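Since this is a predicted model, take the numbers as computed values, not measurements. Just so it is clear: chains get the letters A, B, ... in the order the sequence lines come, proteins before strands, and each one is counted from 1. Atom set for the values below is all heavy atoms of this structure, side chains included, hydrogens, waters and symmetry mates excluded.
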2 protein chains.
Amino acid sequence: MKKKREGKTTSKIFDDHDHGMCFDDAIEQIENYFLKKNLQFTPLRRKVFEILIRDHKPLGAYEILEALGRDGFSSSPPIAYRVLDFLMEHGFVHKIQGLNAFIACSHPNHSHSPAFVICRKCEKVAEIDEKKSGISFASPNIKNFEVEKTTVEMTGVCTTCSSAATI
Amino acid sequence: MKKKREGKTTSKIFDDHDHGMCFDDAIEQIENYFLKKNLQFTPLRRKVFEILIRDHKPLGAYEILEALGRDGFSSSPPIAYRVLDFLMEHGFVHKIQGLNAFIACSHPNHSHSPAFVICRKCEKVAEIDEKKSGISFASPNIKNFEVEKTTVEMTGVCTTCSSAATI
DNA sequence: CATAACATGTTATAACATAACACTACCAGT
DNA sequence: ACTGGTAGTGTTATGTTATAACATGTTATG
Ligand SMILES: [Zn+2]
Ligand SMILES: [Zn+2]
Ligand SMILES: [Zn+2]
Ligand SMILES: [Zn+2]
């Protein structure tokens with residue numbers, strides 16, 4: 001059986017971006033980036049990114065594979081994982097560890113350590129900015145350790161879901 | 001084939017606790033907690049916790065299962081996952097999302113949002129305290145969202161590993 | 001003792017991820 | 001044009017992590 005991953009309601013923190021613009025911007029930005037870096041934005045890579053940015057919600061690798069299959073691409077697992085790794089290396093996709101899922105980056109311009117807010121009911125996910133949100137995550141400067149990557153995920157319930165339900 | 005999960009070197013951030021004491025304390029604390037809460041600290045639960053606290057390093061569920069098998073317990077997957085879920089509910093075990101592994105809590109007294117420092121070379125893991133370490137993680141108070149659980153993991157390389165190796 | 005709640009055991013399968021190798025296209029140096 | 005290297009994609013098989021569903025035993029509690 002399949003794990004549910006629908007999502008139906010919204011809450012303010014999840015709605016603070018204009019996704020129409022977000023989508024167009026994202027495509028343009030990734031194109032420019034690849035051009036500038038002399039990287040190939042192949043049909044497969046473009047398609048995977050489009051699948052992720054289209055609804056701008058986290059998708060499991062196998063959901064991406066299904067979508068690829070529907071669009072005439074190969075849908076064996078390594079296809080998705082390789083492209084996802086590539087897009088993550090360049091900061092256009094992040095992995096949500098708590099969901100084993102992947103999501104298109106919401107702030108692909110500046111390099112950043114992403115933080116995510118995840119509603120465990122509707123499974124909506126928002127990528128937040130250190131400064132913009134209440135969260136202040138002082139740059140981790142641990143003694144005797146060089147931090148290369150941080151994972152920050154906040155799971156809970158959004159207002160819409162909590163007001164709608166009987167817990 | 002098996003993923004490596006050995007760990008051989010140490011760095012200061014990983015050595016700031018006396019594990020002999022840590023082990024004894026942990027056992028005593030979990031016993032007291034279960035007694036006070038009228039929960040059953042069954043042989044299976046005790047064994048799982050002992051396996052985790054013994055070396056105080058992250059173990060995969062299937063590693064725990066092997067250890068259980070060696071000690072005469074059943075070693076089918078649900079056994080481990082159920083006990084781990086239970087111990088996590090009560091704050092005595094945490095899951096390291098970046099490693100798909102479980103580790104005994106280092107600060108089982110006070111309720112806390114654990115944060116972890118993970119060396120990707122030796123796979124040593126330290127659970128750090130907000131205040132004690134350089135990290136300051138302001139309590140996330142996001143608008144229109146009630147945070148229930150935070151995941152904070154910092155991956156990098158410890159001094160020992162970085163000084164030892166040719167990157 | 002009845003019975004409900006909790007705990008463990010067992011089988012099967014789902015969900016997630018990678019290894020290894022094959023094939024093609026493209027480009028650089030000869 | 002030949003050669004060898006690199007990058008991208010395709011394919012098969014398998015490894016790894018986690019859960020569903022159901023059976024059995026064990027422990028309060030009225
Ligand atoms: Zn968007
Ligand atoms: Zn929600
Ligand atoms: Zn310890
Ligand atoms: Zn190390």
Side-chain angles (χ1 to χ4, degrees), chain A residues 1-6 30 34-35 37-49 51-52 58-90 93-103 120 123, chain B residues 1-5 30 34-35 37-49 51-52 58-69 71-90 92-103 120 123 151:
Chain A
M1 197 189 298
K2 206 89 187 303
K3 267 189 202 163
K4 71 181 148 63
R5 220 194 277 281
E6 307 93 12
I30 195 170
F34 277 50
L35 206 62
K37 292 264 190 176
N38 263 303
L39 299 167
Q40 299 176 241
F41 195 39
T42 62
L44 177 62
R45 287 170 180 172
R46 174 185 291 271
K47 176 57 70 180
V48 170
F49 186 70
I51 289 166
L52 282 169
L59 295 175
Y62 281 71
E63 291 179 294
I64 294 166
L65 284 167
E66 282 172 31
L68 285 175
R70 282 193 298 271
D71 285 359
F73 290 84
S74 165
S75 60
S76 45
I79 295 292
Y81 285 104
R82 278 191 298 230
V83 173
L84 289 168
D85 283 347
F86 179 85
L87 293 172
M88 283 194 289
E89 265 172 37
H90 295 281
V93 168
H94 302 298
K95 180 170 186 180
I96 311 289
Q97 296 282 0
L99 299 174
N100 292 321
F102 303 85
I103 192 166
R120 65 171 165 76
E123 285 200 0
Chain B
M1 198 188 297
K2 206 90 187 302
K3 269 188 200 162
K4 68 180 150 64
R5 218 194 281 278
I30 195 170
F34 276 50
L35 207 62
K37 293 263 188 175
N38 263 304
L39 298 167
Q40 299 176 241
F41 196 39
T42 62
L44 177 61
R45 288 170 179 172
R46 173 185 290 272
K47 177 55 70 179
V48 170
F49 186 71
I51 289 165
L52 281 169
L59 295 176
Y62 284 72
E63 291 178 295
I64 293 166
L65 284 167
E66 280 172 33
L68 285 174
D71 286 0
F73 290 84
S74 165
S75 60
S76 47
I79 295 292
Y81 285 104
R82 277 192 298 232
V83 173
L84 288 168
D85 282 348
F86 179 85
L87 293 173
M88 283 192 290
E89 265 172 37
H90 295 281
F92 291 99
V93 168
H94 302 298
K95 180 171 185 181
I96 311 290
Q97 296 281 4
L99 299 174
N100 292 321
F102 303 85
I103 192 166
R120 66 172 165 77
E123 285 200 0
T151 299

### B/S/- contact track for nucleotides 23-30 of chain D, protein heavy atom under 4.0 Å
--------
### Task
Find which nucleotide of DNA chain C each of B:Leu39 and B:Pro77 is nearest to by heavy atoms, and output the residue with the more 5' nucleotide.
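The residue mapped nearer the 5' terminus is B:Leu39.
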So does [X] get a side-chain nitrogen or oxygen closer than 4.0 Å to the phosphate oxygens (OP1/OP2) of [N]?
| X | N | answer |
| --- | --- | --- |
| B:Asn100 | D:dA18 | yes |
| B:Tyr81 | D:dT19 | no |
| A:Lys47 | D:dT9 | no |
| B:Lys95 | D:dA18 | yes |
| A:Ser74 | D:dT11 | yes |

Rounded to whole angstroms, how far apart are [atom1] on [X] and [atom2] on [N]?
| X | N | atom1 | atom2 | result |
| --- | --- | --- | --- | --- |
| A:Ile64 | C:dA17 | CD1 | P | 10 Å |
| A:Leu99 | C:dC16 | CG | C1' | 13 Å |
| A:Ile96 | C:dA17 | CD1 | P | 12 Å |
| B:Ile79 | C:dC6 | CD1 | P | 18 Å |
| A:Leu65 | D:dT9 | CG | P | 14 Å |
| B:Gln97 | D:dA18 | CD | P | 8 Å |
| A:Phe34 | D:dA7 | CZ | P | 15 Å |
| A:Asp85 | C:dA19 | CG | P | 10 Å |

### Query
With distance as the sole criterion, do the side chain of A:Tyr62 and the base of C:dA17 form a donor-acceptor contact below 3.5 Å?
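For A:Tyr62, whose side chain was compared with the base of C:dA17, there is a donor-acceptor pair (under 3.5 Å).
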### Message
Just verifying a value: how many Å separate A:Arg120 CZ and A:Leu99 CG, rounded to the nearest 0.5 Å?
### Response
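A:Arg120 CZ to A:Leu99 CG: 12.5 Å, rounded to 0.5 Å.
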### B:Phe102 ring center within less than 6.0 Å of B:Phe49 ring center
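No, ring centres 6.0 Å or more apart.
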### Task
For residues A:Pro77 and A:Leu65, determine if any side-chain heavy atom of one lies less than 4.5 Å from a side-chain heavy atom of the other.
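Yes; the side chains approach each other to less than 4.5 Å.
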### Query
Residues in salt bridge (Lys or Arg N to Asp or Glu O under 4.0 Å) with B:Asp85, at least two apart?
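If we apply the salt bridge (Lys or Arg N to Asp or Glu O under 4.0 Å) test to B:Asp85, skipping adjacent residues, there are no hits.
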### Task
Look only at the side chain of A:Arg45 and the backbone of A:Gln40, and say whether a donor-acceptor pair between them is shorter than 3.5 Å.
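Pair found, side chain donor or acceptor close to backbone of A:Gln40.
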### Task
Remember a base hit wins even if backbone is also touched, and classify A:Thr42 as base, sugar-phosphate or nothing at under 4.0 Å, heavy atoms.
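Answer is sugar-phosphate: A:Thr42 comes under 4.0 Å of backbone atoms only.
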### Query
With both distances kept under 3.5 Å, what pairs with D:dG30, Watson-Crick or G-U wobble?
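C:dC1 - that is the nucleotide pairing with D:dG30, both distances being under 3.5 Å.
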### Closest non-hydrogen atom pair between A:Pro58 and A:Glu123, with its separation
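Nearest heavy atoms, A:Pro58 then A:Glu123: CG-O, 4.0 Å.
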